[in-house]
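To start, the structure itself, in structure tokens.
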Amino acid sequence: MVIGIVELLLYLPENHSLKGKRGVVRSIKARVRNKFNVSIAECDDLDNWQRISLCVAQIGNDRTHVDRCLREVSGFVSELGLADPGEERYHFETY
């Protein structure tokens with residue numbers, strides 16, 4: 001069994017409130033959940049208005065499949081255009 005996690009760092013340079021940020025986060029999470037079979041959560045920078053840290057997790061039997069799925073999610077989030085893409089960090093554990 002392989003557990004894969006991607007940490008996505010996104011930026012909202014024109015945002016000036018937590019309310020605006022939360023709306024963007026809710027939209028991204030809902031769209032990712034509807035399109036992919038993954039878990040997604042805001043994992044850091046909860047009180048930072050202009051920065052979003054999301055963690056996406058996928059579990060599977062094949063590391064290649066898990067990696068491909070997480071990269072598709074990352075690309076999908078970037079293509080949404082709701083926030084400026086930043087860093088992405090991938091972590092894999094095999095059990």
Side-chain angles (χ1 to χ4, degrees):
M1 173 173 65
V2 177
I3 300 173
I5 298 171
V6 62
E7 297 176 54
L8 301 173
L9 183 59
L10 307 168
Y11 295 100
L12 297 169
E14 302 299 319
N15 187 47
H16 299 290
S17 71
L18 283 176
K19 186 176 182 180
K21 173 188 174 178
R22 288 188 184 119
V24 171
V25 170
R26 258 195 311 272
S27 179
I28 291 171
K29 287 170 49 177
R31 291 179 184 192
V32 167
R33 282 189 189 122
N34 286 336
K35 185 162 175 80
F36 301 94
N37 186 23
V38 296
S39 296
I40 182 169
E42 189 174 9
C43 55
D44 200 4
D45 298 315
L46 300 176
D47 292 329
N48 189 327
W49 298 351
Q50 297 180 330
R51 192 169 150 154
I52 300 171
S53 297
L54 294 174
C55 290
V56 182
Q58 170 77 25
I59 298 175
N61 291 328
D62 181 29
R63 180 183 167 131
T64 306
H65 172 72
V66 172
D67 181 55
R68 185 172 6 108
C69 179
L70 292 176
R71 292 188 189 278
E72 284 180 22
V73 170
S74 176
F76 178 75
V77 170
S78 295
E79 289 173 5
L80 288 175
L82 297 174
D84 295 341
E87 279 184 55
E88 33 181 82
R89 286 178 266 173
Y90 293 87
H91 308 279
F92 297 95
E93 289 289 329
T94 304
Y95 293 96

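- Tyr90 meets the side chain to side chain donor-acceptor pair (under 3.5 Å) test with Glu88; sequence neighbours excluded.
- Among all heavy-atom pairs drawn from Leu8 and Ser74, the shortest one is CD2-OG, 3.6 Å.
- Under a hydrophobic-cluster definition in which Ile, Leu, Val, Met, Phe, Trp and Tyr are linked whenever side-chain heavy atoms come within less than 4.5 Å, directly or via other members, Val25 and Leu10 are assigned to the same cluster.
- For the side chain to side chain donor-acceptor pair (under 3.5 Å) test, no residue two or more places apart in sequence or in another chain qualifies with Gln50.
- Connection of Val66 to Ile5 is not established within any shared hydrophobic cluster, with ILVMFWY side chains joined at heavy-atom distances below 4.5 Å, either directly or through further cluster members.
- Cluster membership check: Ile3 does not share its hydrophobic cluster with Leu54, using side-chain heavy-atom separations under 4.5 Å among Ile, Leu, Val, Met, Phe, Trp and Tyr.
- Across all their heavy atoms, Ala83 and Ile52 have their closest contact at CB-CD1, 4.5 Å.
- The closest side-chain heavy-atom distance from Val77 to Pro85 is not below 4.5 Å.
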Requested in this report: Using the side-chain contact (heavy atoms from CB on, under 4.5 Å) rule, take Glu7 and His91 through it: C-alpha gap first, then chi angles, then the decisive distance, then the call.
Outcome: CA-CA 8 Å; Glu7 297 176 54; His91 308 279; 2.6 Å; yes

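- Here the closest non-hydrogen pair linking Asn61 and Val2 is O-CG2, 4.2 Å.
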Could you list the donor-acceptor pairs under 3.5 angstrom formed between side-chain atoms of residues 37-45 and any protein atom two or more places apart in sequence or on another chain?
residue, atom, partner, partner atom, Å
Glu42, OE2, Lys21, NZ, 3.1
Asp45, OD2, Arg51, NE, 2.8
Asp45, OD2, Ser53, OG, 2.7

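- Annotation for Ile28 and Leu82: closest pair CG1-CD1, 3.8 Å, computed over non-hydrogen atoms.
- Note that NZ of Lys29 and CG of Asn34 are 13.0 Å apart. Values are rounded to the nearest 0.5 Å.
- The hydrophobic cluster containing Leu12 does not contain Leu18, counting ILVMFWY residues as joined when their side-chain heavy atoms lie under 4.5 angstrom apart, directly or transitively.
- Contacts classified as salt bridge (Lys or Arg N to Asp or Glu O under 4.0 Å) and involving residues 52-68 (residues at least two apart or in different chains) are given here: Asp67-Arg71.
- Within the structure, the ring pair (Phe, Tyr, Trp, His ring centres under 6.0 Å) test picks out the following pairs touching residues 23-49 (sequence neighbours left out): Phe36-Phe76.
- Listed by chain and number, the residues in a side chain to side chain contact (heavy atoms under 4.5 Å, CB included) with Glu87 are Leu9, Arg89 (sequence neighbours excluded).
- Hydrophobic clustering (side-chain heavy atoms under 4.5 Å, transitive across Ile, Leu, Val, Met, Phe, Trp, Tyr) keeps Ile59 apart from Val73.
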